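Model, not experiment: these values are computed from the prediction. Residue indices begin at 1 and follow the sequence shown.
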Amino acid sequence: MPRRAVVIGAGLAGMLAAAALAGAADEVVVLDGDALPDGPEHRKGLPQGRHAHILMAGGLAAMEELVPGAGVRKRLLAAGAHELSLGRDMVVLTPEGWFRRWRDEGPALLACTRALLDWTVRDAVVTQAPVRVEVRPGTRVTGLLGGAGRVTGVRFHDGREGGGGNGDGGEDRELTADLVVDASGRGSRVTHWLAALGVTGVRERTVDTGLVNATRLYRAPEGAGRFPVTMVQADPYVGRPGRSGMILPVEDGRWMVSLAGTRGAEPPADADGFLRYAMELADPLVGRFIARAEPLTDVRISRSTHNHRRYLEKVRDWPEGLVVLGDALATFNPAYGQGMSVAALGARLLAQEVRRAGDGPGSAGLAARVQRGVVPWVDAAWRAAVGQDVWYPQTRGARPTPADRLVTGYSRRLTRAATGAHGAAAALWEVTSLLAPPARLFAPGTLLSVALGPLLPPQAGAPLTAAERSLLAP
């Protein structure tokens with residue numbers, strides 16, 4: 001019998017999962033409730049799609065292994081994405097002071113719109129995969145087939161029959177599969193679907209700062225093409241709501257400016273308020289940049305920013321034939337920029353386990369191995385996000401514990417050292433980029449850097465060149 005894999009969700013996590021399975025299944029069917037665009041355009045089902053996204057080096061490396069053809073990096077750079085160095089091409093104000101810009105480049109990151117990234121990956125997988133990958137938009141999954149021991153397919157509503165591609169009209173159908181991957185994102189119904197099969201007691205946790213993102217696209221001033229990525233970070237340790245801002249180059253000569261505020265300090269949606277908020281950050285650098293830039297869009301707002309985790313790896317008898325990846329498994333506050341990379345690493349693990357099994361995507365034990373195997377990356381990203389979010393005064397779902405206080409004390413000393421010590425900065429780059437596990441932060445060399453503290457004096461202001469400063473409003 002032909003071996004079929006079904007993926008729920010045609011976003012980044014879903015298409016990477018499809019790529020992972022294309023070498024082991026005879027056909028891969030990807031179901032998505034949205035009407036998908038035919039190019040790099042925003043789509044309704046991606047609430048954070050209009051806001052800043054950074055693809056870290058660890059996630060990019062995983063994508064390069066998964067996606068066939070010319071590779072993600074080459075395709076994105078050809079379409080106008082920017083490859084930037086964490087050490088050289090970024091200006092960051094942390095709660096412990098300004099990071100320096102080092103001659104050593106450090107790990108790279110890719111900056112572009114989420115629409116371009118999703119479209120590039122989807123097009124590459126569909127056109128270059130070794131077997132047929134069929135993407136069906138307008139198909140809303142409503143449940144799983146099978147039982148508590150094995151998932152055998154999905155039940156879905158095919159809105160295409162009604163002509164709208166939005167789930168209205170159409171027919172209810174079933175599709176059998178050797179393996180089902182839920183990559184349907186923040187809105188996943190997987191816990192409900194599992195309960196209908198008799199798999200209950202899934203532990204879930206939500207930590208919510210009430211963060212609101214506000215984003216606007218600009219045409220930057222003449223000569224700003226190499227202006228550094230700029231971040232003015234929120235300070236979670238001062239007992240008041242956090243405010244942050246970011247400047248990110250994207251394709252077509254545009255700059256994406258994202259402001260963010262936790263509950264009680266939400267950024268406004270009007271143009272004057274947006275500029276005023278940027279000027280009132282811990283440093284006015286972001287506001288001074290956009291004051292001379294040409295706005296290209298209105299301000300876009302998103303409130304879909306909470307951390308949410310489903311502890312599926314703790315289910316005692318995980319059903320065969322079902323894997324949950326990406327935001328359907330765990331979502332992180334997007335301010336920390338690791339969600340896409342965690343999804344990519346999970347898809348790479350799926351590909352590795354399928355190859356190791358050798359007898360197809362429905363192999364016994366494969367689903368449970370993948371579900372347990374992604375935990376280290378999910379844990380690392382969860383701790384990084386929640387470990388800071390718990391300190392905001394209006395956060396819901398968690399308060400600092402004694403362990404949080406201990407970890408935060410070390411983290412702040414490490415960050416302070418990184419403002420003036422290359423060894424500490426390099427450790428942060430590698431862990432943030434998901435190139436190294438969190439244990440790298442406790443390696444002997446890093447511990448020594450933390451003990452010695454910053455070796456260079458603190459920066460008095462943003463480490464900009466004279467040419468970069470000339471682009472800013474007074």
Self-check item: salt_bridge(Arg309, Asp379) N-O dist < 4.0 Å
Solution: yes
Quiz item: With a 4.5 Å heavy-atom cut-off, do Thr305 and Val212 have their side chains touching?
Solution: no
Quiz item: Within the distance-only criterion (no hydrogens, no angle test), does the side chain of Arg203 pair as donor or acceptor with the backbone N or O of Val315 below 3.5 angstrom?
Solution: no
Quiz item: So, Glu83 and Arg73, do they make that salt bridge, N to O below 4.0 Å?
Solution: yes
Quiz item: So, the side chain of Gln371 versus the backbone of Val324: is there a donor-acceptor pair under 3.5 Å, distance only?
Solution: yes
Quiz item: Any side-chain heavy-atom pair from Val125 and Val30 closer than 4.5 angstrom?
Solution: no
Practice problem: Report the relative orientation of the aromatic rings in Phe289 and Phe227; use parallel for angles under 30°, tilted for 30 to 60°, perpendicular for over 60°. | Solution: tilted
Practice problem: Return yes when atom CZ of Arg469 has more than 12 non-hydrogen atoms of other residues, nucleotides or ligands closer than 6.0 Å, and no otherwise. | Solution: yes
Self-check item: Side-chain (Ser302) to main-chain (Asn213) donor-acceptor, under 3.5 angstrom
Solution: no
Quiz item: Got Arg292 and Leu472 here, is their nearest side-chain heavy-atom distance under 4.5 Å?
Solution: no
Quiz prompt | Heavy-atom check, side chain of Met90 versus side chain of Arg101, under 4.5 Å | solution = no
Quiz item: Is there a side-chain contact between Tyr336 and Thr432, using heavy atoms and a 4.5 Å cut-off?
Solution: no
Quiz item: What's the shortest heavy-atom distance between Leu66 and Ala351, and which atoms?
Solution: CD2-CB, 3.8 Å
Quiz item: Do Glu266 and Arg263 sit within salt-bridge range, that is, some charged N less than 4.0 Å from a carboxylate O?
Solution: no
Practice problem: Kindly indicate whether the side chain of Leu55, heavy atoms from C-beta on, has any atom under 4.5 Å from the side chain of Ser341. | Solution: yes
Quiz item: Between Thr395 (side chain) and Val390 (backbone), is there a donor-acceptor pair under 3.5 Å?
Solution: no
Self-check item: Main-chain N/O of Arg416 paired to Thr419 side chain as donor or acceptor, under 3.5 Å
Solution: yes
Quiz item: Do other residues, nucleotides or ligands put more than 12 heavy atoms under 6.0 Å from Arg189 CZ?
Solution: no
Exercise. Could you tell me the separation between the CE atom of Met63 and the CG atom of Leu110, rounded to the nearest 0.5 Å?
Key: 9.0 Å
Quiz item: Will you find, in the side chains of Trp391 and Thr408, an N or O donor that is under 3.5 Å from an N or O acceptor?
Solution: yes
Self-check item: Tyr311 vs Val202, side chain to side chain contact (heavy atoms under 4.5 Å, CB included): CA-CA, chis, key distance, verdict
Solution: CA-CA 7 Å; Tyr311 292 85; Val202 175; 5.8 Å; no
Self-check item: Contact summary for Tyr277 and Pro268, nearest pair of heavy atoms
Solution: CD1-CD, 3.7 Å
Self-check item: Euclidean distance, Leu76 CG relative to Leu60 CG, rounded to 0.5 Å
Solution: 8.0 Å
Quiz item: Is the backbone of Thr465 close enough, under 3.5 Å, to the side chain of Glu468 for a donor and an acceptor to pair up by distance?
Solution: yes
Exercise. Apply the test salt bridge (charged side-chain N to carboxylate O under 4.0 Å, His left out) to residues Arg122 and Asp118: give CA-CA distance (whole Å), side-chain angles for both, the deciding distance (0.1 Å), then the verdict.
Key: CA-CA 6 Å; Arg122 186 165 72 247; Asp118 278 15; 5.6 Å; no
Practice problem: Assess the side chains of Thr113 and Glu251: does a donor N or O sit below 3.5 Å from an acceptor N or O? | Solution: yes
Practice problem: Could you give me the CA-CA distance, side-chain angles and deciding distance for Val181 and Val6, then say whether side chain to side chain contact (heavy atoms under 4.5 Å, CB included) is met? | Solution: CA-CA 6 Å; Val181 177; Val6 169; over 6 Å; no
Quiz prompt | Gap between atom CG of Leu109 and atom OG of Ser433 - 0.5 Å precision | solution = 7.5 Å
Self-check item: Atom of Gly58, atom of Leu345 and distance for their closest heavy-atom approach
Solution: O-CD2, 4.0 Å
Quiz prompt | Residues Thr206, His306; criterion side chain to side chain donor-acceptor pair (under 3.5 Å); working and verdict | solution = CA-CA 7 Å; Thr206 299; His306 59 270; 5.3 Å; no
Quiz item: Between Thr209 (side chain) and Tyr392 (backbone), is there a donor-acceptor pair under 3.5 Å?
Solution: no
Exercise. Please name the pair of heavy atoms, one in Ala57 and one in Ala108, separated by the smallest distance, quoted to 0.1 Å.
Key: CB-O, 3.3 Å
Quiz item: Got Leu248 and Ile54 here, is their nearest side-chain heavy-atom distance under 4.5 Å?
Solution: yes
Self-check item: Heavy-atom check, side chain of Ser411 versus side chain of Leu441, under 4.5 Å
Solution: no
Quiz item: More than 12 heavy atoms of other residues, nucleotides or ligands under 6.0 Å from CG of Asp298: is that the case?
Solution: no
Practice problem: Please determine, by modelled atom types, if His51 and Thr215 share a side-chain donor-acceptor pair under 3.5 angstrom. | Solution: yes
Quiz item: Can you name the nearest heavy-atom pair linking Ala5 to Leu21, along with the distance?
Solution: CB-CD1, 3.7 Å
Self-check item: Pairwise distance OG(Ser258) to CZ(Arg50) - rounded to 0.5 angstrom
Solution: 12.5 Å
Quiz item: So which heavy atom on Leu275 is nearest to which on Gly287, and how close?
Solution: CD1-O, 3.6 Å
Taking only distance into account, with no hydrogens and no angle test, what donor-acceptor pairs under 3.5 Å do side-chain atoms of residues 237-247 form with protein atoms, sequence neighbours excluded?
none

Quiz prompt | Glu353, Glu320, Glu313 screened by salt bridge (Lys or Arg N to Asp or Glu O under 4.0 Å) with Arg369, the one that passes | solution = Glu353
Quiz item: Would Arg216 and Phe274 satisfy side chain to side chain contact (heavy atoms under 4.5 Å, CB included), going step by step from the backbone distance to the final call?
Solution: CA-CA 9 Å; Arg216 200 176 194 192; Phe274 188 84; 4.0 Å; yes
Quiz item: Considering residues, nucleotides and ligands other than Arg205, do more than 12 of their heavy atoms fall under 6.0 Å from its CZ?
Solution: yes
Quiz item: Can you tell me how far OG1 of Thr331 sits from CD of Gln48, rounded to the nearest 0.5 angstrom?
Solution: 10.0 Å
Quiz prompt | Trace of the side chain to side chain contact (heavy atoms under 4.5 Å, CB included) decision for Arg412 with Glu96 | solution = CA-CA 7 Å; Arg412 295 188 68 180; Glu96 311 303 324; 2.7 Å; yes
Self-check item: Arg399 atom CZ, over 12 foreign heavy atoms within 6.0 Å
Solution: yes
Self-check item: Residue that, paired with Asp32, satisfies salt bridge (Lys or Arg N to Asp or Glu O under 4.0 Å) out of Lys44, Arg43, Arg140
Solution: Arg43
Quiz item: Going from NE2 on His422 to CZ on Arg103, what distance comes out if it is rounded to the nearest 0.5 angstrom?
Solution: 11.5 Å
Exercise. Look only at the side chain of Trp193 and the backbone of Leu197, and say whether a donor-acceptor pair between them is shorter than 3.5 Å.
Key: no
Quiz item: Got a donor-acceptor contact below 3.5 angstrom from the Ser188 side chain to the Ser184 backbone?
Solution: no
Practice problem: Check whether the side chains of Asp389 and Asn307 place a donor and an acceptor atom closer than 3.5 Å, and report yes or no. | Solution: yes
Quiz item: Does Ser363 reach the main-chain N or O of Leu366 with its side chain, forming a donor-acceptor pair under 3.5 Å?
Solution: no
